[in-house]
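Just so you know, these numbers use all the heavy atoms, side chains as well, and skip hydrogens, waters and symmetry mates. Residue numbers run from 1 in the order of the sequence given. Computed from a prediction, not measured in an experiment: that's the story for all the values here.
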Amino acid sequence: MRFFLLPISTRRTLLYCQKLQVLPTQKQTLVDRATIYAAKLWAGWEKKDKGWQKKVVVYGNHLLRRIPYEEWGLKSVPPLSTRRRTEEILGKDKNYLVFPETLIPSTKAMNVLRTLGTERESLHKSRLIWCFVGMPISAPFALVPIIPNLPFFYLVYRAWSHWRALAGGKHIRFLTGRNLLSLAPSTVLDSFYTPLLPSSSASKESIADPDRSEPSTANDTDAPEEEKILLSQDHGRQLVEALDIPELEVELERAIWQVDTAIQKQKEEKSKSQDTAKGERRNV
C-alpha cells in the first residue's frame, strides 16, 4: 500500500491510502463484499433518470460531501485483518509513505501520519455510540409503507463509516508503532507543490506540524500565520493526473471544497469580531 500525505492548506493535510493489490473474491472479508455490493447498488441508482432511488442519491451525495475529509481519508485505509497483520510483519506486504519533502520534512512525515490517524479517535467513538442509540429510535419508521426507512439506513451507514475510520486509525498505529512503513519522498509531489509554496517559512512549518493548527490569541507573538489554501480544484485535477490515481479525484475535490469553505468562514467570523470590537471601542 501507499499512504499519501497531500497538503490542502498551510494547516491541513489529506491522507489517502492507495491499495496496490486487489484481493480476489475468495479472500475478501464479509465487510469488503458488503461494501462492494453497496457501491454497485449506489452506482446503479445514480444512473436512473427519476424515481425515489434518484432522489435518494441526490440528497445522499449532498450529505456524503459534508462528511469530513479526514474521515474519508481514514476509511481509505483497510482494516487490519489477521492475514494482513501477518503479511505486514513478515514483510510480504510492503507499505510506503509518500509525501512532498519540500513541505513535509522526512523527519516529521511519520509524526504527521500518526497524528492524522489518531487525532479523531475519540470523536469517532462517541459518534459511533450515538448512531447505535439512534438506530432503535428510527427503526419504527420501517412500518411506513412504500417509503424506505432512510433515517435508519443513514445511521447504519454512519455507524459503519465511523467504525471504518477507527479501524483505519488502528491500522496506522500498528504500522507506525512497529516501523513497518518505508519513507518515500516524491519528486513528483515536490515539483507539483514547489510553485504553490507559501513565501513565509512559518507557513511551511505549520504544514509539517499539525499541532500548530490551534487558533492563536491576539497577544501570542509566536502564533502561526493565517491559514492559506494551497490547492484549487484545478490544482486537484492536475495532481490526480500527475500521480495517475483516478480514484483520488473525488477525495481531493471534497477535501479542497471543505477546507476552502472552512477558511472562508474563519475569515468572515474574524472580520465580524473585528467590526464588533471597533464598535465597542467607539461606544466607550
Would a hydrophobic clustering, with Ile, Leu, Val, Met, Phe, Trp and Tyr connected at side-chain separations under 4.5 Å, put L123 with W72?
-> no
Find out whether K228 and R11 are in side-chain contact, i.e. whether some heavy atom of one side chain is under 4.5 Å from a heavy atom of the other.
-> no
In a check of side chain to side chain contact (heavy atoms under 4.5 Å, CB included) between F3 and each of L116, V98, T176, V77, which one passes?
-> V77
Aromatic centroids of W160 and Y157 separated by under 6.0 Å | yes
With the 4.5 Å side-chain cut-off for hydrophobic clustering, are V188 and V240 part of the same group?
-> yes
CD of Q258 to CZ of R66, rounded to nearest 0.5 Å, is 9.0 Å
Start with the C-alpha gap between I8 and L230, add the side-chain angles, then the distance that decides, and say whether side-chain contact (heavy atoms from CB on, under 4.5 Å) holds.
-> CA-CA 6 Å; I8 304 298; L230 293 176; over 6 Å; no
Hey, what do you get for CZ (R83) to CG (D93), rounding to the nearest 0.5 Å?
-> 7.5 Å
Point-to-point distance, once rounded to the nearest 0.5 Å, from CG of L6 to CG of L189 = 6.0 Å
Same cluster or not: are W257 and L239 linked, directly or through other Ile, Leu, Val, Met, Phe, Trp or Tyr residues, by side-chain heavy atoms under 4.5 angstrom apart?
-> no
Please report the shortest heavy-atom distance between P195 and S191, naming the atom on each side.
-> CD-O, 3.3 Å
Report yes or no: does T118 contribute a side-chain atom to a donor-acceptor pair with the main-chain N or O of R114 at less than 3.5 Å?
-> yes
Measure the shortest side-chain to side-chain distance between K170 and E121 over non-hydrogen atoms and say whether it is less than 4.5 angstrom.
-> no
Find the distance between CG (L97) and CZ (F4) and round it off to the nearest 0.5 Å.
-> 10.0 Å
Given side-chain contact (heavy atoms from CB on, under 4.5 Å), test S182 with K94 step by step and report yes or no.
-> CA-CA 8 Å; S182 299; K94 300 292 184 180; over 6 Å; no
May I ask you to decide if R120's main-chain N or O and K125's side chain share a donor-acceptor pair within less than 3.5 Å?
-> no
Compare all side-chain heavy atoms of L64 with those of R254 and state whether any distance is below 4.5 angstrom.
-> no
What's the shortest heavy-atom distance between A165 and K75, and which atoms?
-> N-CG, 3.9 Å
Closest approach of L5 to P100 (non-hydrogen atoms, all atoms of both residues) | O-CD, 3.3 Å
Closest non-hydrogen contact found for R158 with C131 is CB-SG, 3.7 Å
Side chain to side chain donor-acceptor pair (under 3.5 Å) between E71 and S161, worked out | CA-CA 8 Å; E71 184 175 328; S161 183; 2.4 Å; yes
hydrophobic_cluster_shared for I67 and V250, side chain cutoff 4.5 Å | no
Output yes when a side-chain donor or acceptor of R84 lies under 3.5 Å from a complementary backbone atom of P79, and no otherwise.
-> yes
Inter-residue atom distance I263.CD1 - S9.OG, 0.5 Å rounding | 4.5 Å
Are F152 and F132 connected, step by step, through hydrophobic side chains (Ile, Leu, Val, Met, Phe, Trp, Tyr) whose heavy atoms are closer than 4.5 Å?
-> yes
Got Y193 and L231 here, is their nearest side-chain heavy-atom distance under 4.5 Å?
-> yes
Heavy-atom pair with the smallest gap, counting every atom of K19 and S76 = NZ-O, 2.8 Å
By ring pair (Phe, Tyr, Trp, His ring centres under 6.0 Å), which residues pair with F174, not counting sequence neighbours?
-> none
Do the non-hydrogen side-chain atoms of S106 and E101 ever get within less than 4.5 Å of each other?
-> yes
Would you please test Y16 and R2 for side-chain contact (heavy atoms from CB on, under 4.5 Å) and show each step?
-> CA-CA 8 Å; Y16 180 75; R2 293 197 295 176; over 6 Å; no
Distance-only donor-acceptor check, side chains H171 and E88, under 3.5 Å | yes
Check whether more than 12 heavy atoms from other residues, nucleotides or ligands sit under 6.0 Å from atom CZ of R173, and answer yes or no.
-> yes
Q266 side chain reached by K270 side chain, heavy atoms, under 4.5 Å | no
Does the side chain of M110 come within less than 4.5 Å of L181's, by heavy atoms?
-> yes
Answer yes or no: is there an ion pair linking E253 with R65, defined by an N-O contact shorter than 4.0 Å?
-> yes
Side-chain donor-acceptor pair under 3.5 Å between T10 and E227, yes or no?
-> no
Rounded distance [0.5 Å steps], CG in L183 versus CD1 in I104 | 11.0 Å
Indicate yes or no for a side-chain donor-acceptor contact from S186 to the backbone of F99 under 3.5 Å, with no hydrogens or angles considered.
-> no
Can you check side-chain contact (heavy atoms from CB on, under 4.5 Å) on H124 and L74, steps first, answer last?
-> CA-CA 11 Å; H124 289 303; L74 289 174; 4.0 Å; yes
Does the side chain of H235 come within less than 4.5 Å of F192's, by heavy atoms?
-> yes
